Amino acid sequence: MSVLEVKNIKKSFGKTEVLKNIGFSLEKGEVLSIIGSSGSGKTTLLRCINFLDFADGGTITVNGKTVFDGDSNKKLTESEIRENRLHFGLVFQSFNLFPQYSVIKNVMLAPLLLKRGSEEEIRKKSEDLINRVGLKDKINNYPCELSGGQQQRVAIARALALEPDILCFDEPTSALDPELTGEVLKVIKDLKTGGSTMIVVTHEMEFAKNVSDKVLFMSDGVIEEYGTPEEVFDNPISEKTKSFLNKSLESF
């Protein structure tokens with residue numbers, strides 16, 4: 001059984017169709033990279049999966065349970081939306097850390113609010129996560145005292161703190177200088193080794209090719225190409241995919 005099944009997701013803003021019958025599935029421990037030009041619908045898809053936006057149609061199923069059915073007339077309650085969001089951890093491109101809290105408090109905050117254990121248990125788990133992303137020596141620092149790459153690693157630890165079924169990244173390196181990009185990508189690679197199931201919206205083609213189990217190329221709101229990295233990067237079928245990859249590789 002798939003961890004995640006997305007079927008026929010549609011989304012429009014006014015008369016503009018942004019997502020047109022998007023569908024894919026993920027097995028436990030798999031990494032899916034979503035690539036495509038700006039405006040292709042990548043971030044909107046991620047937001048719909050995470051219940052930050054709501055699709056106009058289609059279904060989302062996690063571990064066999066349908067958490068979203070856009071084709072029914074039943075509206076989700078606020079408590080159902082909050083519960084469904086817990087299946088997903090989302091790492092934003094702009095970090096979104098709380099500046100008034102230290103690293104350890106940023107990571108502990110959500111588990112404390114949701115009463116996921118005693119404060120002592122949550123602190124121990126948070127310390128382990130901070131160590132896992134290589135920031136043990138920054139545990140009491142504040143976001144303003146960290147580099148962009150360090151802030152993004154804190155954001156990853158925070159997303160892991162609630163033990164989501166699927167960890168989602170929205171262009172996690174786009175706000176970083178090139179020299180800081182590598183440290184964040186290394187953490188994501190290490191998470192794959194640890195068995196995390198992930199969706200990564202990225203413009204890092206080498207990362208997508210080397211780390212992903214599946215690659216999805218979007219263009220104008222549709223899936224133009226979907227397959228293994230070897231299929232998409234080495235033997236693309238779509239002319240749009242070929243053109244996108246040629247332009248992307250030229251930038252290296």
Side-chain angles (χ1 to χ4, degrees), residues 2-27 30-63 65-72 76 81 84-94 96 155-156 159 164-175 188 196-205 207-209 211-229 231-233 236 238 240-241 244-245 248:
S2 299
V3 173
L4 176 67
E5 288 190 31
V6 175
K7 294 182 179 178
N8 301 318
I9 290 294
K10 309 176 188 73
K11 179 65 178 176
S12 295
F13 293 104
K15 295 182 179 179
T16 303
E17 284 186 284
V18 180
L19 300 176
K20 307 167 189 176
N21 294 312
I22 301 295
F24 63 87
S25 65
L26 266 181
E27 302 297 321
E30 284 189 328
V31 176
L32 169 69
S33 284
I34 302 178
I35 61 174
S37 302
S38 297
S40 60
K42 307 185 301 298
T43 294
T44 299
L45 173 59
L46 208 59
R47 288 179 63 85
C48 286
I49 292 171
N50 282 269
F51 296 91
L52 296 176
D53 284 325
F54 292 91
D56 301 321
T59 61
I60 300 171
T61 304
V62 179
N63 293 324
K65 177 188 176 184
T66 299
V67 296
F68 175 80
D69 185 352
D71 303 319
S72 74
L76 295 172
I81 293 169
N84 289 340
R85 281 178 179 153
L86 293 175
H87 290 293
F88 304 92
L90 181 57
V91 178
F92 300 89
Q93 53 185 290
S94 55
N96 287 8
I156 293 171
D165 295 296
I166 301 111
L167 192 57
C168 302
F169 297 85
D170 184 12
E171 298 197 8
T173 62
S174 65
I188 300 174
S196 294
T197 308
M198 294 182 279
I199 301 173
V200 187
V201 171
T202 183
H203 58 270
E204 299 288 344
M205 294 301 107
F207 169 84
K209 185 174 183 178
V211 178
S212 308
D213 298 288
K214 298 174 180 175
V215 177
L216 189 157
F217 170 63
M218 292 183 66
S219 179
D220 299 319
V222 302
I223 295 176
E224 194 69 32
E225 198 107 28
Y226 178 50
T228 65
E231 289 168 337
V232 174
F233 286 99
S238 160
K240 287 185 179 180
T241 309
F244 172 80
L245 291 175
S248 298

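Each residue takes its place number in the sequence, starting with 1. Predicted, not measured: the structure shown is a model, and the values here were computed from it.
Closest of all the heavy-atom pairs between C168 and N50 is SG-ND2, 3.6 Å. The minimum heavy-atom distance linking A208 with F233 is given by the pair CB-CZ, 3.9 Å. The two residues V91 and A159 come nearest to each other via the heavy atoms CG2-CB, 3.8 Å. The heavy-atom pair separating V232 from P236 by the smallest distance is O-CB, 3.3 Å. In terms of heavy atoms, C48 sits closest to I60 at O-CD1, 3.8 Å. Nearest heavy atom pair, residue S212 against residue V215, reads CB-CG2, 3.9 Å.
With a 4.5 Å cut-off on side-chain heavy atoms, L52 and L90 count as touching. The shortest distance between side-chain heavy atoms of F217 and L245 does not fall below 4.5 Å. Between Q93 and V201 the shortest side-chain heavy-atom distance does not fall below 4.5 Å. A heavy-atom distance below 4.5 Å is found between the side chains of T202 and I35. Looking at heavy atoms from C-beta onward, F51 lies in side-chain contact with L76 at the 4.5 angstrom threshold. Here the side chains of K240 and D220 are in contact, with some heavy-atom distance below 4.5 Å.
Screening I188, V31, I199 for a side chain to side chain contact (heavy atoms under 4.5 Å, CB included) with F169, the sole residue that qualifies is I188.
Atom OG in S12 sits 9.0 Å away from atom NZ in K20 (nearest 0.5 Å). Summarising the geometry, atom CD1 belonging to I223 is positioned 4.0 Å from atom CG belonging to L216; distances are rounded to the nearest 0.5 Å. Atom NZ in K11 sits 14.0 Å away from atom CD1 in I22 (nearest 0.5 Å). Considering CD of E5 and CZ of F24, their distance stands at 10.5 Å, rounded to 0.5 Å. Note: N84 CG to T66 OG1 = 10.5 Å, rounded to the nearest 0.5 Å. Of the inter-residue distances, the one linking S174 atom OG with E204 atom CD reads 9.5 Å to the nearest 0.5 angstrom.
Taking the six-membered ring for Trp and thresholds of 30 and 60 degrees, F54 and F68 have ring planes inclined between 30 and 60 degrees apart.
Looking at T228, its side chain does come within 3.5 Å of a backbone N or O of E231 through a donor-acceptor pair. Checking side-chain atoms of D71 against main-chain N and O of G58 turns up a donor-acceptor pair under 3.5 Å. Put simply, the side chain of D53 never gets that close to the backbone of R47: no donor and acceptor are under 3.5 Å apart.
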Please walk me through it: do D170 and F92 pass side chain to side chain contact (heavy atoms under 4.5 Å, CB included)?
CA-CA 5 Å; D170 184 12; F92 300 89; 5.6 Å; no
Starting from the C-alpha separation in whole Å, work towards a yes-or-no answer on side chain to side chain contact (heavy atoms under 4.5 Å, CB included) for K42 and L46.
CA-CA 6 Å; K42 307 185 301 298; L46 208 59; over 6 Å; no
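Taking the side chain to side chain contact (heavy atoms under 4.5 Å, CB included) definition, one finds that K214 meets it with S25, E30, L32, Y226, sequence neighbours left out. Partners of D165 under the side chain to side chain contact (heavy atoms under 4.5 Å, CB included) rule, at least two apart in sequence or in another chain, are V3, V62, N63, H87.
Within 6.0 Å of NZ on K10 lie more than 12 heavy atoms contributed by other residues, nucleotides or ligands.
Using modelled atom types, one finds a donor on one side chain and an acceptor on the other under 3.5 Å when comparing T241 with E225.
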